[in-house]
Amino acid sequence: MNIVGIHPGHDASVSIVRDGRLIFASSVERYSRKKKDHTLTRDAFDYFLSVNNMTIDDVDCITMGFWNMRNCDWIELFSPDDQAYPLNTFGAQRQDSQILNHLDEYDYKPRFVDGLGYSLPPFIDNVDPPFGNEVIQVSHTFRVICKIDGYDRPIDGVFVRHHTSHAASTFYTSPFETSAVFTVDASMHRPDNCSSMMIGRGGVLQSFKSPGYMLGNFYDVATEFCGLGPGTLKAGTLMGLSSFGNVKGNVMENWEKWSIPFHERGTTEDHTYSNWLFSQISGKFPFVGTARQDYLDKVPGYEFINRVYQEVYSKEDSDSQEVMDIAASIQYLLERSLIKYINELYEETKEFNGGNLCLAGGTFLNCNANYKILQETKFERIHLFPACGDDGLSAGSALFHYHFNLMGPREEYTTNELAYLGVDYTHQPNTMYEPHQLDLDVVADYIADGKIICWYQGRSEFGPRALGNRSFITDPRRKEMKDILNSRVKFREWFRPFAPVVLAEHKEEWFNMDFESPFMLHTVPCRKPTEIPSGVHIDSTSRVQTLNRDHNPIFYDLISKFNDRTGVPVVLNTSLNVKGEPIVETPEDAMKLFDESDVDMLVINNTMYFKN
């Protein structure tokens, strides 16, 4: 059975669950070459099927955890006529549509089509009451029929609640039989859209409670107010900037009061609350004014700006000490509140959580917070899915349908089976550069000599982190290497750190960690910051990836050879892309980047290319 999960929103993606096992997942941006692409074209869909030896004839079911027909205009959804119509209102903000549904003038009034059922609206996000009926509240899903343009066979489908899809992506890929699950993201202003707490046992994943945690959304908005850019693109930049600042005293005093659940606030409207909270932290109120210049100029990523008419700090202000202190305060608020909510979740589920916690949602790409959660909460074991953000929704919706709806048995996954879910390209590109058989000794020598290596291997990663298959690799011992990387290839903010990869057996010698971090989702203190100065941040921490040989044998062997030469079992790793571009996908993408960038060597699978 082939279940294909799709996500037609920002970080659009396609995943395939075959006979209950997640075998493939990829972000559409890797195919389209558009950063954070939200459009799932038929060409991209067919391509991802083809690389898995499938056509649309092989698809048994299509699942989704979010729906926007504008981003996927070749599919129309219908509600089968043998189920109750699932939606009371259309869309995430249209509570008035119970009236609109009955007006002939309303473009998306449900219509009945024989053999398909009743048409569903072009946008479906929030399906909790009052938007969806109470049946959805219990099951998390409703059935749909997918009508594909130019294709006669209707395909069965399932819409899975957004945060249930997040939860499924992490629980069903975890090694845990039972676990508490916490999901947090920035799905904008409604509590049921921004967080959830669930409990999983075997194939069952149920809602536990709606925590009303909203600070994932605030973090997104605050990133914009700090002048760093849209939170969808730049939340990680705020995290990096926070290490340069000092937490304000009023935040230390009031963080608990300011992070109370949505339903305990004095206001029921989060847009206003976010404005108020930012003003309390910064001392500046985000007044409405003229449209932001970056929006009017359509700078890259402008379409992700949420507060078009509110600008507190400009881009030029964004690395000032004033903003650094605000960033530090916002990060502190996020960390302390997440720890509080997670410890409460532990206490409420300790009789049946098995000591396990699964996390998902874009907020848990915050590596600083993840380390604090690991160190300061009561859970014994924590699992994160590498595609924590909305790209993971395609995998989560497909896994939920198989394990929960169809009651299919759970599967076990190794680290590499979750990290490298993309396409495996085995060919070499056409090029003017002379190919050479890969020699890891030569590559290790180049790294030790301070060269920049483009490293391309096997299947692409799923999620935003480069984990050793699409990476720039350099020497972390050189203090100037961070600035060299920025000035020659990455061109990003001066304060953003680069990440080290350490051989797992050496992790405790070099970093304050007794756990694995295979997906680069934890920021940990470095024990030897002066020995790898370009691999540590201003606060002597590192966003570290731990590497076992069975995780990625060839990358492991390369680092081992570098260790033989230098006594340092660590290399510097950053994603193989330049500013504003997605991580490279194909050998042709890698060769283009190599040709256009100031780098020294390109390795594609078993072949090396040199600039000089």
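Keep in mind it's a predicted model, so treat the numbers as computed, not measured.
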To the nearest 0.5 Å, what is the distance between [atom1] ([X]) and [atom2] ([Y])?
X	Y	atom1	atom2	answer
R496	L241	CZ	CG	11.0 Å
R265	L277	CZ	CG	8.0 Å
L357	I373	CG	CD1	7.5 Å
N366	S242	CG	OG	7.5 Å
K340	L338	NZ	CG	11.5 Å
T237	M239	OG1	CE	8.5 Å

Does [X] reach the side chain of [Y], with side-chain heavy atoms less than 4.5 Å apart?
X	Y	value
N68	C72	no
P518	H551	yes
F278	V312	yes
N552	L467	no

Aromatic ring pairing F24/F48, orientation class (parallel under 30°, perpendicular over 60°, tilted between):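 Tilted: the ring planes of F24 and F48 meet at 30° to 60°.
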Check the angle between the aromatic planes of Y172 and F400 and answer parallel, tilted or perpendicular using the 30° and 60° thresholds.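 Answer is tilted, since the angle falls between 30° and 60°.
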Before we go on, tell me: are the rings of [X] and [Y] under 6.0 Å apart, centre to centre?
X	Y	value
F66	F123	yes
F385	H166	no
F515	H522	yes
Y332	W258	no

So, [X] and [Y]: side-chain donor and acceptor under 3.5 Å apart, yes or no?
X	Y	value
S165	S397	no
T173	H383	yes
H162	D185	yes
N368	T523	yes
S259	S337	no
E303	Y295	no
T183	H163	yes
E347	N343	no
D319	W494	yes
S314	D317	yes

Can a salt bridge be assigned to the pair [X] and [Y] using a cut-off of 4.0 Å between side-chain N and carboxylate O?
X	Y	result
E493	K234	yes
E581	K34	no
E29	R33	no
R336	E376	yes

Can you confirm if the NZ or CZ of R410 lies within 45° of the ring axis of F176 and under 6.0 Å from the centre of its six-membered ring?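 Judged by the rule (NZ or CZ under 6.0 Å from the ring centre, within 45° of its axis), R410 is not positioned above F176.
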If the test is side-chain hydrogen bond (donor to acceptor under 3.5 Å, both in side chains), which one of R381, E380, E177 qualifies with N356?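 By the side-chain hydrogen bond (donor to acceptor under 3.5 Å, both in side chains) criterion, N356 pairs with just one of R381, E380, E177: R381.
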From the options S460, S26, S27, select the one residue that forms a side-chain hydrogen bond (donor to acceptor under 3.5 Å, both in side chains) with E585.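 Only one option passes, and that is S460.
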Would you indicate whether I538, at its atom CD1, is surrounded by more than 12 heavy atoms from other residues, nucleotides or ligands within a distance under 6.0 Å?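 At most 12 heavy atoms, drawn from other residues, nucleotides or ligands, come within 6.0 Å of this atom.
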